[in-house]
Amino acid sequence: MRVFALLTRENRYSFSPIISAAKGKIKILDSLSQLNKGDVLLFSFQSTEFERVHDLLKKIPKWVIKIAGGPHATGLPLHALHMGFDFVFAGEAEEYILDLLGFLEGKKEPPPCLWWKDHPGTICKGVEIEKYAPFSENLPIPIEITRGCPFLCAYCQTPRIFGRKMRHRSAENIIFWVEKLVNRGIKDIRFITPNGLAYGGRGGANSDGVIYLFQELGRRFPGANFYFGSFPSEFRPEHITFELLKELRKYLANERIIFGAQSGSEETLRLLKRGHRISHIIEATEATIKAGFRPEVDFIFGLPFEDEKQTLDLMKRLAEMGARIHAHYFLPLPATPLAREKPRPIGKILARSIEKLTGEGRLFGQWKKQQELSLKLYKINMDFS
Ligand code: SF4
């Protein structure tokens, strides 16, 4: 049995560790013409990609066994089966990938989180990430240093898919994998984490753990450029302090620091269960600039409960302070408490101000594209969740 992974720019971060955990049993697909009868094709995709994946599925012969994984399939397995997948693997796959392949060969029981028509499964969570390589040798990617998040932001899939317990790689383990990358001539080193400044802790800011990690990395790999607090790792605003960023400035190559605000309304933040206040956003912006970074602050438009005026006022204030606004449109993501909430159209005043801020180079983002997708996701959730 031949097993292929369909790799895209978007899914390489989730596939690379799985390919490694499969110990050489998964090959990367170069072209659809490679596929023969009985081959297995693995997909991993986010909800933002479901239409493209749906179109692609139509081009794949029926006799190929198609398996979906990743955030969309995990959040809404029944929709992934409806799209045309034969199986859905829901959750974290490192521990179960060999069982899955054994099952397909008729040698093992199916993993508990495998779904197929009229056979619902569970969601596999809780892999000790340190037990597995963060990337496959032929697919080096940023090193995942933490998985899981104790916060419960209502629009976010992370705690629902990966659980609320933060699972960290130890500093020694991170150093081991950084060395592998550096030895391959890779100088730009990035990290994956949902909550960077909580590294090593239980969810609150953990300055000692974060500083120790970067002091060690800086000392051992003086020629490497470390990126932290910019994609694919973000900070929470209430964890940012001038002292912590000033110390990190010595080791980091990134100019930007990204953190989430999402709204300028205290009430909206409360309803979103963000767990921080507006004052934290303003203080984080000040501290970031003072420490010599450029803040990029995430906002979400079109939330079902939103005070657009307050959000606009905060965006303008932050932009005047020197921040860039990273604009998103609300996506009702499967498995989140807001999955069945209808996105709200943007009001005229906010729309005009967004155009102005964009023209001034103070706002950017994919929010327009996301607007169309948002309603489609809402409808899917209504039908399949
Ligand atoms: S948005 Fe960030 S802090 Fe909030 S639940 Fe998701 S990962 Fe955690």
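Counting convention: from 1, in listed order, for ligands and their atoms alike.
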I would like to know whether Leu56 and Leu6 meet side-chain contact (heavy atoms from CB on, under 4.5 Å); could you show each step before the answer? CA-CA 11 Å; Leu56 190 63; Leu6 189 97; 3.2 Å; yes
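- Screening Thr193, Ile129, Leu181 for a side chain to side chain contact (heavy atoms under 4.5 Å, CB included) involving Ile143 leaves a single residue, Leu181.
- Near Tyr155, meaning under 4.0 Å from any of its heavy atoms, are these atoms of ligand 1: 1 (S).
- With respect to Lys246 and Glu243, no salt bridge is recorded, no charged nitrogen being found less than 4.0 Å from a carboxylate O.
- At a heavy-atom cutoff of 4.0 Å, ligand 1 is contacted by the side chain of Arg274 but not by its backbone.
- Results of the ring pair (Phe, Tyr, Trp, His ring centres under 6.0 Å) test with Phe228 over Tyr199, Phe235, Tyr251 single out Phe235 as the only residue that passes.
- Aromatic rings from Phe89 and Phe103 are positioned such that their centres are separated by 6.0 Å or more.
- Taking the six-membered ring for Trp and the full ring otherwise, Phe364 and His326 have centroids separated by under 6.0 Å.
- The number of protein N, O or S atoms lying under 2.8 Å from atom 8 (Fe) of ligand 1 is 1.
- When ring centroids are compared, Phe299 and Trp367 stay outside the 6.0 Å threshold.
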